[in-house]
Asker: 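Let me begin by handing over the structure; questions about it come next.
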Amino acid sequence: QVQPVESGGGLAQTGDSLRLSCTASGSTFSSNYMGWFRQAPGAGREFVAAISQRGNIISYADSVKGRFTISRDNAKNTMYLQMNSLKPEDTAVYYCAADPQVNRFDARDYRNFGSWGQGTQVTVSS
């Protein structure tokens with residue numbers, strides 16, 4: 001089981017870019033389907049993006065499609081989320097999730113992921 005750790009959050013203005021990183025300890029990183037989720041104050045945990053073990057299957061929430069890019073580097077045990085054209089509604093705590101049993105059909109449901117990071121705050125001002 002991997003232990004994800006997020007980094008790269010912070011303050012941004014509308015239209016800015018940020019890149020989040022998720023580094024997961026353990027030798028089985030490449031065996032895990034990985035995902036990004038976010039949670040705004042008072043809201044539930046929301047799917048953002050997910051990527052398969054080899055990086056060949058990628059999915060995005062409609063709200064971020066065309067603005068965010070998910071990628072992974074298995075040699076570095078790291079996943080990334082490049083966030084461009086940020087909007088105030090992107091403000092949330094962003095979480096990295098990992099699970100070896102997830103597939104392309106259930107990656108949008110946070111309940112299917114077993115390993116989670118502590119989250120990193122992203123705040124976008126108008």
Asker: Does the pair Y60 and T69 meet the rule for a side-chain contact (heavy atoms from CB on, under 4.5 Å), with working shown?
Answerer: CA-CA 8 Å; Y60 295 100; T69 302; 3.8 Å; yes
Asker: Could you walk me through whether Q53 and S30 pass the side chain to side chain donor-acceptor pair (under 3.5 Å) test, one step at a time?
Answerer: CA-CA 6 Å; Q53 287 84 344; S30 62; over 6 Å; no
Asker: Got a sec, which residues hit ring-ring contact (aromatic ring centres under 6.0 Å, His included) with F113, two or more places apart in sequence or on another chain?
Answerer: F37
Asker: Are W36 and V64 connected, step by step, through hydrophobic side chains (Ile, Leu, Val, Met, Phe, Trp, Tyr) whose heavy atoms are closer than 4.5 Å?
Answerer: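 Both belong to a single hydrophobic cluster.
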Asker: Shortest non-hydrogen contact from C22 to M34?
Answerer: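 Taking C22 first and M34 second, the nearest heavy atoms are SG-CE, 4.0 Å.
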Asker: Just how far is it from atom OG of S125 to atom CG of D16, taken to the nearest 0.5 Å?
Answerer: 8.0 Å
Asker: Salt bridge between K65 and D62, side-chain N to carboxylate O under 4.0 Å?
Answerer: yes
Asker: Once you measure the plane-to-plane angle for W116 and Y110, does it fall in the parallel (<30°), tilted (30-60°) or perpendicular (>60°) bin?
Answerer: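 Perpendicular: the ring planes of W116 and Y110 meet at over 60°.
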Asker: Does one hydrophobic cluster hold both F29 and V102, with members joined at side-chain heavy-atom distances below 4.5 Å?
Answerer: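 No, it is not one cluster - the side chains of F29 and V102 are not joined through contacts under 4.5 Å.
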Asker: Does Y80 have R72 sitting over its ring (NZ/CZ under 6.0 Å from centre, angle to axis within 45°)?
Answerer: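 No; the conditions do not both hold, so R72 does not lie above the ring face of Y80.
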Asker: In terms of side-chain heavy atoms, does Q3 have a donor or acceptor partner in S25 at a distance below 3.5 Å?
Answerer: no
Asker: Please tell me whether T78 and D73 have a donor and an acceptor in their side chains that are separated by less than 3.5 angstrom.
Answerer: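 No, D73 and T78 have no side-chain donor paired with an acceptor closer than 3.5 Å.
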Asker: Looking at every heavy atom in both A49 and L81, which two are closest together, and how far apart are they?
Answerer: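 Where A49 meets L81 most closely, the heavy atoms are CB-CD1, 4.4 Å.
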Asker: Could you tell me if the side chain of Q1 sits less than 4.5 Å from the side chain of N32, heavy atoms only?
Answerer: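 They are not in contact (no side-chain heavy atoms under 4.5 Å apart), so the answer is no.
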Asker: Hey, what do you get for OG (S31) to CZ (R54), rounding to the nearest 0.5 Å?
Answerer: 12.5 Å
Asker: Do P88 and T14 come close enough that some side-chain heavy atom pair is under 4.5 Å?
Answerer: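 They are in contact (side-chain heavy atoms under 4.5 Å apart), so the answer is yes.
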Asker: Just wondering, do L20 and E6 contact through their side chains at under 4.5 Å, heavy atoms?
Answerer: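 Counting from C-beta outward, E6 and L20 never come under 4.5 Å.
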Asker: Is there a side-chain contact (heavy atoms from CB on, under 4.5 Å) between F68 and N84? Walk through the geometry before answering.
Answerer: CA-CA 6 Å; F68 290 10; N84 298 331; 6.0 Å; no
Asker: To check you understand the geometry: which heavy-atom pair defines the closest contact between L18 and G8, and what is its length?
Answerer: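 Closest approach of L18 to G8: CD2-O, 4.2 Å.
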Asker: Could you check whether Q121 and T123, counting side-chain N and O atoms only, form a donor-acceptor pair closer than 3.5 Å?
Answerer: yes
Asker: Please confirm whether the backbone N or O of S52 pairs with a side-chain atom of N56, one donor and one acceptor, at under 3.5 Å?
Answerer: no
Asker: Does N112 reach the main-chain N or O of D106 with its side chain, forming a donor-acceptor pair under 3.5 Å?
Answerer: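 Such a contact is found between N112 side chain and D106 backbone.
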Asker: Find out if a path of hydrophobic residues (ILVMFWY) with successive side-chain heavy-atom gaps under 4.5 Å connects V122 to I70.
Answerer: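 Linked, V122 and I70 end up in one cluster.
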Asker: Looking only at non-hydrogen atoms, find the nearest pair between I51 and I58 and report the distance.
Answerer: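 Looks like CG1-CG1, 3.8 Å.
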Asker: Show your working on side-chain contact (heavy atoms from CB on, under 4.5 Å) between Y95 and R38 and close with a plain yes or no.
Answerer: CA-CA 6 Å; Y95 295 92; R38 66 187 182 185; 6.0 Å; no
Asker: Got a donor-acceptor contact below 3.5 angstrom from the T91 side chain to the V124 backbone?
Answerer: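 Confirmed, T91 side chain pairs with V124 backbone.
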Asker: So, R108 side chain and R104 main chain: donor-acceptor pair closer than 3.5 Å or not?
Answerer: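 Checking the backbone N and O of R104 against the side chain of R108, no donor-acceptor pair under 3.5 Å is found.
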Asker: A40 and A92: which non-hydrogen atoms are nearest, and at how many Å?
Answerer: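 Closest approach of A40 to A92: N-CB, 3.8 Å.
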Asker: Which pair of non-hydrogen atoms, one from S17 and one from S85, has the smallest distance, and what is that distance?
Answerer: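 Looking at all heavy atoms of both residues, the shortest contact is OG-N, 4.3 Å.
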Asker: Same cluster or not: are I57 and M79 linked, directly or through other Ile, Leu, Val, Met, Phe, Trp or Tyr residues, by side-chain heavy atoms under 4.5 angstrom apart?
Answerer: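 Hydrophobic grouping puts I57 apart from M79.
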Asker: Please walk me through it: do S71 and R19 pass side-chain contact (heavy atoms from CB on, under 4.5 Å)?
Answerer: CA-CA 11 Å; S71 61; R19 189 176 80 158; over 6 Å; no
Asker: What distance do Q13 atom CD and L86 atom CG have between them, rounded to the nearest 0.5 Å?
Answerer: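 Going from the CD atom of Q13 to the CG atom of L86 covers 11.0 Å.
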